[in-house]
Structure formats: structure tokens, C-alpha cells
2 protein chains.
Amino acid sequence: MTDQDSGRRPKYQRIADELRTAIQSGAFAPGDRLPGENDLMTTYDVARMTARQALSVLRNEGLAEARKGAGVFVRTFRPLRRRGIPRLAQGHWGTGHSVWSADVEDRALVVDQIEVGETAATARVAEALGLPPDSPVCVRSRRFVLDGKPVLLSVSYLPATLTQGSPITTPDTGPGGTYARLTDLGHEPVHFREEIRCRMPTAAESSRLSLELGTPVILIARTAFTAKGAPVELNEMTLDSSSYVLEYDFDA
Amino acid sequence: MTDQDSGRRPKYQRIADELRTAIQSGAFAPGDRLPGENDLMTTYDVARMTARQALSVLRNEGLAEARKGAGVFVRTFRPLRRRGIPRLAQGHWGTGHSVWSADVEDRALVVDQIEVGETAATARVAEALGLPPDSPVCVRSRRFVLDGKPVLLSVSYLPATLTQGSPITTPDTGPGGTYARLTDLGHEPVHFREEIRCRMPTAAESSRLSLELGTPVILIARTAFTAKGAPVELNEMTLDSSSYVLEYDFDA
DNA sequence: CAGTGGTCTAGACCACGAT
DNA sequence: TCGTGGTCTAGACCACTGG
């Protein structure tokens with residue numbers, strides 16, 4: 001260590017800084033290959049682990065992704081748009097445009113890993129549905145895959161007393177889906193509450209969504225209410241944050 | 001490597017798995033100290049870097065945080081609740097309860113790092129406000145600190161032609177804030193669009209929000225529209241995801 | 001097959017925090 | 001002061017990808 005020490009910033013962070021700046025300045029475009037471990041070792045005269053650490057910083061920031069045997073590449077962000085309130089989202093609020101561009105949806109959607117069954121409600125689920133603990137609930141679990149890329153995990157909980165004998169307890173709920181069947185049963189959902197949070201994925205989520213390192217997940221917990229204010233469904237969704245932009249339109 | 005190899009899972013991931021399971025089973029509660037590098041080295045008979053790598057997995061998952069000189073500890077999650085649509089959020093949708101608990105807000109809020117000025121709109125800002133590129137815009141930048149912990153960065157953009165000479169161009173906008181002043185000027189915002197995404201923080205964001213490793217940020221871009229459908233404000237917010245749950249209520 | 005990233009070892013020195 | 005995590009070196013073998 002003869003020259004450096006200018007500033008107390010660790011070597012691996014200095015290297016990461018330079019690469020990050022280069023990416024953000026456009027010197028490396030999305031999809032471009034970045035200098036690899038060997039490049040950094042010679043360029044900066046550091047050990048292998050130090051070069052690796054620098055690259056791992058960028059990966060954990062979601063800026064780069066490694067492809068084994070190929071190299072390290074700048075990541076892209078081309079999200080889908082999920083409209084939380086379709087009724088209001090269209091219309092004449094058109095002078096200003098969206099902040100983040102999003103792909104149009106004329107792609108191949110596959111629903112996957114469907115599991116339907118009945119279990120005892122966890123404390124959280126019972127609370128959200130206004131049921132006593134351990135009440136029986138209908139559980140519908142699915143995965144959504146868009147153009148071969150998994151983007152969304154969905155688990156829906158409904159009071160089992162409501163869904164007895166209804167198509168809701170079968171994999172195919174029929175035209176209009178679960179909400180149409182609830183309406184048939186006299187429990188039409190008219191009000192919704194969505195709670196949103198964000199965190200790093202568990203190993204299981206990371207695997208089911210094929211997530212890159214440094215990709216958070218968005219959690220949406222949607223509760224559906226009837227006109228009487230009774231909760232009839234809790235839908236817990238797990239989204240690949242690199243695939244989604246959420247949008248909510250509302251009036252003052 | 002005499003015994004292992006049972007399963008091709010790398011050592012550091014196996015160690016991380018065991019610790020993760022122990023955390024999720026409650027063997028280690030939030031705030032508890034986890035086995036440190038030296039503990040793992042002797043327990044699993046691995047090299048220092050391997051133990052470090054196992055712990056770094058948990059940190060990047062947001063499950064653990066390291067305190068230099070002290071140890072590695074299980075993280076906590078006690079979020080604030082941000083209601084996107086206050087008018088609807090109250091009321092009679094009360095049978096079902098929130099999925100995630102949230103602290104009540106009787107805490108000390110400080111607004112910080114206030115900067116107000118005028119610049120040329122970036123392409124993204126101009127697009128959102130329906131302005132020609134490089135149009136002059138009023139910029140209001142702030143940081144919100146709750147009980148000493150920074151939780152939110154906010155940057156607001158308004159067409160400079162609207163705000164000329166108004167208190168909006170000063171640090172203190174007066175009672176009712178920016179929206180009240182816009183109303184005074186005959187540009188009352190009546191409709192809002194919020195776009196939400198999520199990603200890992202930049203170094204600057206991480207520093208301004210004092211984020212732990214493994215903590216994503218939530219980005220909210222809110223556009224405010226007048227009754228005529230003209231956008232009058234773009235507010236870009238950056239939230240510490242470990243401090244927030246977002247909530248949206250709406251009707252079918 | 002050559003090059004890449006993935007994993008792992010066995011050392012070292014440092015800055016920091018608790019005692 | 002002593003243990004902790006933070007940084008760094010200089011090697012090694014492996015699995016995978018590409019031409």
C-alpha cells in the first residue's frame with residue numbers, strides 16, 4: 001500500500017465507487033459487461049477477494065449481476081405497471097406522464113404452482129379476516145410467470161365457512177374469478193385495503209421468483225370488504241421489485 | 001472436507017440456513033446477539049472468511065446487523081403507517097385489522113436539510129409536469145427525522161411559472177403547506193397519482209437515511225393534478241423500507 | 001479448452017466497543 | 001485491555017459458459 005490512503009475509504013469501496021460512477025454516467029449501458037475480477041486485480045493491483053468484494057457491492061445494490069462463466073453485467077429495469085385503482089387510473093389525468101416507463105402487457109402470462117386447500121388460520125390471517133384464532137380458512141396459492149420470468153407469488157385466504165362447496169375451493173374458480181364467486185354467494189367485495197411493505201427476500205422467495213442478488217421484494221396485503229364492512233378475503237402477494245411499478249390514483 | 005458434501009449447498013449457505021432457521025423459530029429474538037465470526041469458526045470448523053460470508057448473507061437479507069466491536073444482532077421491524085388516502089382510510093372498515101402492526105405517531109418529528117431553489121427540469125421531471133424540457137422548476141428538498149432516525153427524503157418539483165413570488169419558493173410555506181399555497185394561487189390539487197417502486201439504496205441515500213446493510217428503499221413519485229387535469233407538482237420521496245408500511249384504501 | 005465467477009483456506013493488521 | 005467485526009493478501013480447486 002504505497003500510494004493510496006488518500007481518504008480512509010476502503011479499497012473495495014473505492015473500486016465500487018468508480019464502477020458505479022461509470023455506470024451512472026452511461027459509460028456502461030444496461031446489459032454491458034463490466035470489468036471482471038481478473039481485470040480489477042490487475043487494474044487496481046488488489047487481491048482476488050478485494051476485487052470480488054467490490055463487485056459484490058454493486059450486485060447487492062442491484063446495479064450489476066454476475067453470470068457464472070461469462071462475466072459481470074449491468075442490470076436493466078423494465079417494470080410492469082400494476083394499477084391499484086383501475087377505475088380512477090384511466091381518464092383525463094393525462095397532461096403529465098408517468099415517471100417510470102413500463103412495458104405494455106401483451107406478453108405470455110402463465111399461472112403456475114397452483115395449490116388450493118384448507119388450513120387453520122394463523123394469528124395474522126385470523127386478525128385480518130376478523131375470525132377467531134385457528135378458524136378454518138380456504139387457501140389459494142399461485143405463481144404468475146410472465147414470458148418465462150416469475151414475477152408474482154399470491155396466497156389468498158378466505159373464511160372456510162363462506163367458501164364451502166363453492167368453486168373457490170377448486171383450482172379453477174371460473175369466469176370472473178374469486179370475486180365473482182363471492183358475489184354469487186352474496187358477499188360482493190366493494191372495498192379494498194392494500195398494505196405495502198418492502199424487504200429483502202427469503203431464500204424460498206428468491207428461489208421461486210428467480211431473483212438476482214440485490215433485488216428486494218414488494219409485499220402487498222390486500223383485504224377485501226363487503227358493503228357491510230366484513231372482510232372476506234386476505235390476499236398476500238410477493239412481487240419481484242425489479243419487475244413492477246405500483247400505481248394508485250385517488251382524489252383529494 | 002471429510003464429512004460434509006451431503007448436498008451441494010456451499011458451507012456458508014448451510015451455516016446461514018441454520019442461523020436463519022434459528023432466528024425464524026424464535027431461538028434468537030429481535031435484538032439478541034448471534035454467534036460471531038469466532039464462534040462460527042470453531043463450531044463449524046471453517047475459515048474466517050467463510051464465517052463472515054455466512055453472516056453477510058443474513059445481513060444482506062435484512063435479518064441481522066453487525067455492530068463493530070460488539071457483535072452481530074437480530075434486527076427488528078417496527079414500521080410507521082403511511083395512509084395514502086386519508087379520507088377513505090378511516091371509517092367503518094374496521095372488522096378486519098391491519099396485517100402489520102405499526103407504531104402510533106406521538107413521536108418527535110424534525111424536518112431537516114431543507115433546500116429550496118430553482119433549476120432546469122430534467123427530462124423525467126418535465127415529462128411528469130407536462131412541461132417542455134429544461135423548463136425552470138421550483139425545487140423543495142427536505143429530510144424527515146423521527147426520534148433521531150431519518151426515515152424519509154422528499155424532493156418536490158413545481159413549475160416555476162406557478163410559484164413566482166409565492167411562499168412556496170421559501171423554506172417555510174406557511175399554514176397548510178405547499179398545497180394550501182397552490183390553492184391560494186388558483187391551482188388547487190384535487191387528484192393525485194402515486195407511483196411506487198422499490199430497490200436497494202444508492203450510497204448517498206444509504207448515508208442520508210442511515211440505513212443498515214440489507215435495507216431497501218421505497219420510492220414514491222406523487223403527481224398532483226388540478227381539476228382541469230393539469231399537473232402542478234411532482235413529489236419524489238425516498239423511504240427507509242424498514243420504517244414504513246404504506247396503506248391505500250379504495251372502493252371497487 | 002480457456003476464461004469466468006463461486007467457494008474456501010490460513011494467515012495478517014486495524015479500529016472500534018465494552019469492561 | 002481484549003474481543004469484536006472490517007479489511008486485505010496470496011494462494012487453491014471447482015463448475016460453468018463461451019467460442
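Labels below follow one simple rule: chain letters A, B, ... track the order of the sequence lines, proteins then strands, and each chain is numbered from 1.
In this structure the side chain of Met237(A) never reaches within 4.5 angstrom of the side chain of Leu219(A), judged on heavy atoms.
Mapping Lys68(B) and Gln53(B) onto DNA chain C by nearest heavy atom places Gln53(B) at the nucleotide closer to the 5' end. Checking Arg52(B) against Ala70(B), the closest nucleotide of DNA chain D that is more toward the 5' end is the one next to Ala70(B).
When the P atom of dT7(C) is taken as reference, atom OH of Tyr12(B) falls 3 Å away, rounded to whole Å. A straight line from CD of Gln13(B) to C1' of dC8(C) spans 14 Å, rounded to a whole angstrom. To the nearest angstrom, C1' of dG3(C) lies 16 Å from CZ of Arg67(A). Distance, Arg59(A) CZ to dT7(C) C1': 12 Å, rounded to whole Å. When the P atom of dG6(C) is taken as reference, atom NZ of Lys11(B) falls 19 Å away, rounded to whole Å. As a whole-Å value, the separation of Leu58(A) CG from dG5(C) C1' is 15 Å. Distance Asn60(B) CG to dG6(D) C1': 15 Å, rounded to the nearest Å.
Taken residue by residue, residues 204-215 of chain A places no heavy atom nearer than 4.0 Å to DNA chain C. Taking every heavy atom of residues 34-51 of chain A and every atom of DNA chain C, pairs under 4.0 Å involve Gly36(A), Glu37(A), Asn38(A), Arg48(A), Met49(A), by number.
Cation-pi geometry between Arg197(B) and Phe77(A) is satisfied (NZ or CZ under 6.0 Å from the ring centre, within 45° of the ring normal). Judged by the 6.0 Å and 45° rule, Arg82(A) forms no cation-pi pair with Tyr244(A).
Contact check on Arg81(B) versus Glu195(A) returns a salt bridge, with a Lys/Arg side-chain nitrogen under 4.0 Å from an Asp/Glu carboxylate oxygen. Taking 4.0 Å as the cut-off between side-chain N and carboxylate O, Lys149(A) and Asp240(A) count as a salt-bridged pair.
Partners of Tyr12(B) according to the side-chain hydrogen bond (donor to acceptor under 3.5 Å, both in side chains) rule, which considers only residues two or more places apart in sequence or in another chain, do not exist here. Legend: residues meeting salt bridge (Lys or Arg N to Asp or Glu O under 4.0 Å) with Glu37(B), ordered by chain and number and at least two apart, are Arg48(B), Arg52(B). Scored by the side-chain hydrogen bond (donor to acceptor under 3.5 Å, both in side chains) test, Asn235(B) finds Ser154(B) as partners (sequence neighbours excluded).
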Output a table of donor-acceptor pairs, distance under 3.5 Å, between side-chain atoms of residues 64-73 of chain A and any protein atom two or more places apart or on a different chain; print 'none' if there are none.
unit_1   : atom_1 : unit_2   : atom_2 : d
Glu65(A) : OE2    : Arg67(A) : NH1    : 3.2

